[in-house]
Structures are given as C-alpha cells and as structure tokens.
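All values below come from the heavy atoms of this structure, side chains included, with hydrogens, waters and symmetry mates left out. For ligands, and for the atoms within them, numbers begin at 1 and follow the listed sequence. Quantities reported herein were computed from a predicted structural model and do not represent experimental measurements.
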Amino acid sequence: MSENSPAPVGSDRRTGTASVGTVRLTVAQALVRFLTVQYAERDGSRERFIPGTFGIFGHGNVAGLGQALLQNAQDPADGEAPMPFHMARNEQNMVHTAVAYARTKNRLQAFACTASIGPGSTNMLTGAALATVDRIPVLLLPSDIFATRTVDPVLQQLECETAGDVSVNDAFRPVSRFFDRISRPEQLIPAALQAMRVLTDPAETGAVTLSLPQDVQAEAFDWPLEFFRERTWHVARPVPEPAALERAAEVIRSARKPVLIAGGGAIYSEASTALEAFTDATSIPVLDTQAGKGALSADHPLCIGGVGATGNNAANELAAEADVVIGVGTRYTDFTTGSHTAFRHPEVRFVNLNVKAFDAAKHSASMVVSDARAGLDALREALAGHRAPAEHAEHARALRTQWETLIEPCFAPHDQELPAQTEIFGALNELMGDEDIVINAAGSMPGDLQALWKARSPLQYHLEYGYSCMGYELPASLGAKLASPGSEVVAIIGDGTFQMAPQEIATIVAERVKVILVILQNHGWSSIGSLSESHGSQRFGTKYRMRDEDSGLLDGGLVPLDIPANIRSYGIEVQEVSDTAAFREAYRRAAASAEATAIVVNTNLYGPNPPGNSWWDVPVSEVSTLESTQSARTAYESRRSSQHHYL
Ligand SMILES: Cc1ncc(C[n+]2csc(CCOP(=O)(O)OP(=O)(O)O)c2C)c(N)n1
Ligand SMILES: [Mg+2]
C-alpha cells in the first residue's frame with residue numbers, strides 16, 4: 001500500500017509523534033487501521049483496546065469492511081497491526097460473545113462487530129441493548145443504505161415516506177451510548193474518536209454504534225496520517241469530592257445496622273482488595289447483586305451473599321433491618337431491591353458510591369460519584385477508627401451460618417426420579433476452580449445460583465442479569481474463554497435457551513475453543529412456569545409439549561427433540577446424565593478434554609428450588625373469571641402494599 005507524499009515525518013507509531021501527510025484509503029480501510037492502534041490504559045497496564053472483529057458479511061459490508069479486513073490480513077501497510085477476524089453464525093450471538101469478552105476483561109478491551117444491511121444489522125439490536133443495560137463496551141458496525149440514495153430502495157431497505165434519512169439502523173439510537181451515521185468519509189474522524197471516548201469511559205460505556213452506509217464504506221478519502229497514530233485512552237478512576245465523602249462518612253458513622261451491597265461496578269473497577277479492607281476495617285456485612293457476586297470472596301465471614309428477589313434469607317433479613325445501605329457500583333434493579341420491598345427500616349438511608357451520577361443518586365442517596373476502588377479506599381480512610389456495632393456483625397455471621405444449614409438439603413439427592421438442578425449446581429461449585437468461569441443469564445438458574453453459589457474470585461460468577469437474555473450463555477462462553485484462556489469456562493444453558501441459539505457451537509468448534517456446555521433438559525420453562533403458577537396463570541404455555549388432538553392445547557406428549565443428537569451434529573462430544581454422581585464423572589471427563597464438550601443433564605422441571613422469602617413485582621390481572629387468578633391477585637395486592645419509595 002502506498003501513502004501519498006509528503007512522506008510521513010516522525011511517524012513513530014510507538015511514541016505517537018506527529019505524522020505529516022495523508023494516505024488515500026476507503027472509509028472501511030481507514031476504520032480498520034484506526035482501530036488497530038487504539039490502546040486502553042489503567043493502573044499502568046496497557047492493552048490494545050480492540051483485539052479483533054466479529055462479523056457476518058452480506059451485500060452491505062462484504063465489499064467495504066470485508067475488503068478492508070482482507071487487505072489488513074493479506075497486504076498490511078508498513079507496521080500496520082493485524083485485526084483478527086472471527087466469523088459468527090448469528091449477529092445477536094456475536095455481540096453476546098463480544099460482551100462476555102469485554103466483561104471478562106473488566107471493560108479494558110472490547111470487540112468490534114460488523115453486520116450487513118437490514119436483518120444482519122437489526123439482529124444486533126438485542127446485543128446492543130444488553131451491552132448498554134449491562135454497561136459493557138462493544139463497538140457495533142451495522143451497515144446502512146446508500147448515502148447517495150441513487151439506487152433506493154436497496155435490498156432490505158425500510159422506506160420511510162416522511163423521512164429520507166431514516167433507516168432500520170435508527171433503532172440503534174436508544175440502545176447505544178453513542179450513535180453516528182457516517183454519511184461522508186471525513187465524518188469518520190470525529191465519530192471514531194468519540195466512539196473510543198465513550199467505550200473507554202467507565203461512566204458512559206455500553207454499545208457504541210457507527211452506522212456505515214454501504215457506498216460510503218467503499219469510498220476513498222485522503223486521510224491525515226495523524227489520524228492513525230497510536231493513541232492511549234486512559235480509563236479513569238475518578239476520586240470522590242471531599243465534601244461528598246465527608247457527608248457519606250457521617251451517615252455511615254450514625255448507622256446501627258449498616259449493610260454494603262456490592263454490584264458489578266466493584267468488579268469492573270477491580271475493587272476486591274479495597275472492599276475486603278473496607279469490610280475488615282468497618283465490620284459492615286457485604287451483600288451482593290448478580291453482577292457483583294465474587295467482589296468479596298464467599299470465604300470472607302462477612303460475605304453474606306445475594307440480596308433481593310433472588311437473594312438468600314440471611315442477606316434479606318439484614319437488608320430488611322438495615323438503617324443505612326451502602327451501594328457500591330450497583331444500579332439497584334428490581335431484583336436487588338425486591339421491587340422496593342427488601343429495605344424495610346422506616347428511616348433507611350442510602351449512601352451510593354458509583355462512577356455514574358445517575359446511579360449514585362438513586363433512592364435519594366448521599367452520593368459519592370467515584371470509581372469503586374478509589375471510593376472505597378477513601379471512605380475507609382474517612383471512617384478511620386469507626387466500626388459497626390459488634391453485635392451487628394455477630395448477628396450477620398449467625399444469619400449466614402443459619403442459611404448455610406438451611407440450604408444443605410438443596411445439594412443432597414431429592415426423593416424424585418430426576419435431580420433438582422440445585423444438586424448439579426452444588427457439584428459444579430465444588431468441581432470448578434476459583435479462577436474458572438460459570439456463565440448463565442436466564443431461566444430458573446439465575447435465582448438458584450444467586451442464592452446458592454459461592455464465588456471465591458471476582459472472575460468466577462458471570463451472570464448476565466441486567467438484560468437476562470436467553471441465548472447469551474452459549475456465545476458468551478466463547479467470549480469469556482478468548483478473554484481468559486487459562487480458565488475452564490462453563491455455560492449453564494436451559495433447554496429453552498438452548499433452542500433459541502444453539503448455532504454458535506459451530507463458531508466454537510471452528511475457533512478450536514474449549515468450553516464446557518451444561519444443558520439442563522427439563523422440557524420447558526421451570527422459571528416462567530412457576531411464575532405463571534404462582535401468579536394465577538396455571539403454567540399456561542410454558543412446557544414443550546405436542547398439540548393434543550383432543551384438547552387442542554399444547555399439553556400432549558413431550559416434543560421429541562433430541563438435544564444430545566443436535567449438539568453431536570456440530571461435531572462435539574456429548575454426555576447425557578440423569579443423576580448428580582454421573583454429572584460429577586461427566587464434568588471430570590469434560591474438564592480433562594482438550595476440546596469443547598457438552599453435558600446434557602435431565603432435571604426435574606418442578607425443582608425444588610432454594611428456600612426464600614423475598615418478592616418480585618409481577619402484576620396479576622386485576623379482574624378475572626379464573627379462581628387461580630383472583631386468589632393470586634389478592635396475594636399480589638397484599639405484597640404490593642409493602643413497597644417503599646425510598647425518599
Ligand atoms: C430472549 C428472551 N426471551 C424471553 C425471555 C423470558 N424468559 C425468561 S426465562 C424463560 C424460559 C427459560 O427456559 P429454560 O432456558 O428452559 O430455563 P428454565 O426456566 O427451564 O430453567 C423465558 C421465556 C427472556 N428472558 N429472554
Ligand atoms: Mg427448561
């Protein structure tokens with residue numbers, strides 16, 4: 001590739017010295033080249049920010065970004081870094097893979113994802129929403145309709161009669177933290193720089209979308225060489241404002257029964273050591289959210305575990321009594337707050353330590369806008385010498401011991417033909433190493449895992465419960481393994497979830513990535529089935545059953561889907577088991593294998609699930625002719641009356 005004169009001056013990529021001159025490249029070639037020289041740095045450790053691109057080609061990107069990626073691989077410019085390409089099977093899945101990678105890297109790296117026009121691009125919308133809800137960086141490059149409009153309507157174009165500049169890609173706007181459409185080549189320069197800013201800003205990050213019209217991708221432009229110099233984006237650790245810190249410390253000093261809730265932010269900011277030091281110094285018990293489990297090791301005597309709708313009784317009792325709740329890096333979803341019923345002290349106050357003011361302000365809190373690690377260290381110093389009352393910590397430890405006794409039966413064999421999934425989780429928790437990764441997102445499993453799982457490292461418990469997206473687990477296992485090759489990566493996948501997105505097994509096989517897929521076959525939805533039953537809807541439409549010729553309903557025999565055979569067809573080994581001892585054996589074989597394998601476990605659709613006494617607000621029909629619904633409504637109204645506004 002030749003670069004236009006004048007020749008680059010002082011174009012040392014390493015030092016980032018200014019370069020003079022231009023180079024003629026297409027927009028797609030320029031974007032790929034730009035992305036290969038972006039770095040992120042935190043605490044002195046620096047890595048290339050975009051390690052590769054996932055993609056599926058169609059007419060929207062095959063000759064634009066596809067050509068640029070090929071050229072990058074086959075004919076790189078002098079000193080140009082490679083941009084590894086990974087071919088996915090479904091666009092939604094590739095975003096899940098990218099999200100899992102970025103999460104495992106604590107948001108210090110993120111993949112790019114390229115998709116074709118129309119359905120290829122809109123298939124990424126769910127992944128975009130997931131990334132934005134979960135605050136995980138991913139760079140999305142959907143292709144767009146011609147900027148020139150000469151050939152409109154192009155294949156797969158939505159024709160908006162009232163606005164010529166609208167395409168299906170406008171649907172990315174609400175689910176992206178930054179969106180731009182590159183209608184002219186030079187727009188790429190500010191857009192690419194803004195994209196990097198948002199991706200590497202812990203308070204802003206999420207899906208970033210650069211919509212790339214098909215014609216513009218292939219259009220050439222004389223780019224300033226300066227655009228392609230190596231850039232380092234410093235991932236911030238904002239420190240708390242002293243006055244905010246003092247206000248927060250005062251609230252905490254006044255507390256008789258404080259608790260701390262560790263959310264995902266505590267993990268992404270690598271605040272575990274700071275959290276442990278804070279806990280040891282203050283004796284304040286630590287509860288966790290789905291994203292925050294493992295921030296404090298389960299072995300710590302004041303790690304009480306999951307709080308809220310899927311939490312455990314010990315954590316929920318402490319939450320109910322708490323006069324001060326310290327939220328660290330949490331968004332306070334309805335699962336964490338038990339739909340605003342978990343915190344019951346009439347004068348409960350909140351202290352929220354969050355890098356995002358939006359979250360810090362929740363529940364009328366005393367706000368500390370700060371990085372979790374920096375904030376915890378500063379708060380510990382501001383509280384020097386202060387400890388929560390000794391009887392409070394004692395009470396927390398006693399509740400924890402009681403809960404551990406209460407859940408023992410969850411792990412023992414039940415008197416039923418097929419195991420409860422809790423038995424399998426107990427075995428898995430024992431078999432997996434501290435640095436291994438368990439992945440799950442939807443079904444009845446997140447509730448059981450949040451209540452029962454003991455995470456001994458911040459890496460181990462990878463639950464996507466912000467968007468709780470069926471289909472995340474399997475492609476996410478690929479992303480997590482690419483990010484942490486030394487970890488055993490286990491995706492726990494319900495049979496419903498499996499049927500939504502099995503196809504990325506082909507990508508896992510092609511990439512030669514070793515993961516362990518654990519599929520729980522219970523012929524339906526244990527989760528929504530029990531929710532339906534408790535809410536008066538009689539498990540309607542929640543089982544995989546044949547349409548019965550007499551009743552006309554889906555309540556006939558089992559649908560003859562052979563999941564093991566289906567998985568085997570992708571070329572990987574499958575073991576099928578129906579009891580916990582056999583599962584242990586199967587896991588040991590899977591762990592010993594060098595290749596991806598699957599274990600299909602037949603489990604009981606009806607659980608039982610762990611004990612629990614918390615609540616989740618799912619409205620029940622106010623009027624109904626069904627007795628089941630009427631009684632569920634009465635129970636619903638009584639629980640709803642205990643909701644708080646936290647003002
Ligand atoms: C994409 C998506 N669609 C629908 C839902 C709503 N939903 C939550 S759990 C569930 C059923 C999950 O079934 P399965 O994977 O078999 O797990 P199980 O409930 O049996 O544990 C559904 C439909 C969801 N979370 N995600
Ligand atoms: Mg199921």
Side-chain angles (χ1 to χ4, degrees), residues 90-93 95-96 99 122-134 175 290 309-310 333-335 410 416 418-425 428 438-453 463-477 490-504 517-535 537 539-545 554 558-559 561-564 566-567 576 578 598-610 612 616-619:
N90 171 291
E91 292 86 354
Q92 181 185 130
N93 291 345
V95 185
H96 294 334
V99 166
T122 52
N123 262 358
M124 295 202 294
L125 280 169
T126 296
L130 182 147
T132 292
V133 167
D134 292 350
V175 291
Q290 291 278 15
T310 50
T333 72
D334 62 348
F335 268 80
C410 294
Q416 55 191 22
L418 292 172
Q421 66 192 20
T422 56
E423 298 171 42
I424 305 299
F425 297 159
L428 197 55
V438 65
I439 300 179
N440 185 249
S444 57
M445 295 135 292
D448 290 10
L449 292 167
Q450 170 69 340
L452 302 178
W453 194 271
L463 262 279
E464 190 288 293
Y465 212 61
Y467 211 47
S468 186
C469 182
M470 290 171 80
Y472 174 81
E473 296 90 338
L474 197 152
S477 69
V490 179
I492 301 178
I493 305 167
D495 58 322
T497 291
F498 177 79
Q499 290 178 64
M500 280 209 182
Q503 63 276 66
E504 233 56 42
L517 308 174
V518 174
I519 293 91
L520 301 183
Q521 166 64 295
N522 56 18
H523 300 280
W525 307 344
S526 171
S527 50
I528 306 300
S530 75
L531 184 68
S532 167
E533 186 170 320
S534 62
H535 285 59
S537 295
R539 293 189 180 254
F540 175 67
T542 65
K543 293 176 188 168
Y544 293 127
R545 296 272 166 176
L554 290 170
L558 294 175
V559 177
L561 167 67
D562 188 341
I563 290 182
N566 185 257
I567 298 174
E576 185 174 3
S578 299
I599 307 171
V600 176
V601 192
N602 295 304
T603 55
N604 191 325
L605 181 69
Y606 302 97
N609 302 92
W616 183 38
D617 189 342
V618 176

Practice task
Specify side chain, backbone, both or neither for Asp495, according to which of its non-hydrogen atoms lie closer than 4.0 Å to ligand 1.
Solution key: both
Fill in the blank from the handout: Residue, atom and distance of the protein heavy atom nearest atom 18 (P) of ligand 1 read Ser526 N, 3.5 Å
Exercise for the section: Check for a donor-acceptor pair, side chain of Glu423 on one end and backbone N or O of Ala420 on the other, with a separation under 3.5 Å. Expected result: yes
Exercise for the section: Can you tell me, to 10 degrees, how wide the angle at the Mg ion (ligand 2) is between OD1 on Asn522 and OD1 on Asp495? Expected result: 90°
Problem - Heavy-atom gap Gly524 to ligand 1 smaller than 4.0 Å - result: yes
Practice task
Check whether any N or O atom of Leu605, backbone or side chain, sits under 3.5 Å from an N or O atom of ligand 1, and answer yes or no.
Solution key: no
Handout entry: Which of the ligand 1 atoms, numbered from 1, are nearer than 4.0 Å to a heavy atom of Met500
Key = 1 (C), 3 (N)
Exercise for the section: Please report which non-hydrogen protein atom sits nearest to atom 13 (O) of ligand 1, along with the residue it belongs to and the distance in Å to one decimal place. Expected result: Trp525 CD1, 3.2 Å
Practice task
Determine yes or no for a side-chain-to-main-chain donor-acceptor pair under 3.5 angstrom, with Ser532 supplying the side chain and Ser537 the backbone.
Solution key: yes
Exercise for the section: Number the atoms of ligand 1 from 1 as they appear, then name those within less than 4.0 Å of a heavy atom of Ser468, with their elements. Expected result: 24 (C), 25 (N), 26 (N)
Exercise for the section: Begin with the C-alpha distance, continue with both residues' side-chain angles, and end with the deciding distance and a verdict on side chain to side chain contact (heavy atoms under 4.5 Å, CB included) for Trp525 and Leu531. Expected result: CA-CA 10 Å; Trp525 307 344; Leu531 184 68; over 6 Å; no
Practice task
Apply the test side chain to side chain contact (heavy atoms under 4.5 Å, CB included) to residues Ile492 and Phe425: give CA-CA distance (whole Å), side-chain angles for both, the deciding distance (0.1 Å), then the verdict.
Solution key: CA-CA 9 Å; Ile492 301 178; Phe425 297 159; 3.8 Å; yes
Fill in the blank from the handout: Checking heavy-atom distances from atom 19 (O) of ligand 1 to each of Gly529, Ser530, Ser527, the winner is Ser527
Exercise for the section: Examine all N, O or S atoms of Gly496, backbone included, and report whether one is under 2.8 Å from the Mg ion (ligand 2). Expected result: no
Completion exercise
Among non-hydrogen protein atoms, atom 14 (P) of ligand 1 lies closest to Gly496 N, 3.5 Å
Practice task
Measure from the ring center of Trp616 to the ring center of Phe335 and say whether it is less than 6.0 Å.
Solution key: yes
Problem - Close N or O approach (Met445, ligand 1; < 3.5 Å) - result: no
Handout entry: Under 3.5 Å: donor-acceptor pair, side chain of Gln521, backbone of Asp562
Key = no
Problem - Test item: Ser477 side-chain N/O and Leu474 main-chain N/O as donor-acceptor pair under 3.5 Å - result: yes
Problem - Distance, nearest 0.5 Å, that separates CE of Met445 from OG1 of Thr497 - result: 5.5 Å
Handout entry: Which of the ligand 1 atoms, numbered from 1, are nearer than 4.0 Å to a heavy atom of Ser444
Key = 18 (P), 19 (O), 21 (O)
Exercise for the section: State the atoms of ligand 1, each with its element, that fall below the 4.0 Å cut-off from a heavy-atom position in Asn522. Expected result: 20 (O)
Handout entry: No-hydrogen, no-angle side-chain donor-acceptor test under 3.5 Å, Glu504 and Asn90
Key = no
Practice task
State whether the side chain of Gln290 and the backbone N or O of Pro446 hold a donor-acceptor pair below 3.5 Å, judged by distance alone.
Solution key: yes
Handout entry: Shortest reach to atom 2 (C) of ligand 1 by a heavy atom, considering only Gln499, Gln521, Met470
Key = Met470
Exercise for the section: Carefully, step by step, assess Gln421 and Asn609 under the rule side chain to side chain contact (heavy atoms under 4.5 Å, CB included). Expected result: CA-CA 8 Å; Gln421 66 192 20; Asn609 302 92; 4.0 Å; yes
Practice task
Looking only at protein heavy atoms, identify the closest one to atom 8 (C) of ligand 1 and say how far it is in Å.
Solution key: Ile528 CD1, 3.7 Å
Exercise for the section: Looking only at distances, please establish whether an N/O atom of ligand 1 is found under 3.5 Å from an N/O atom of Gln421. Expected result: no
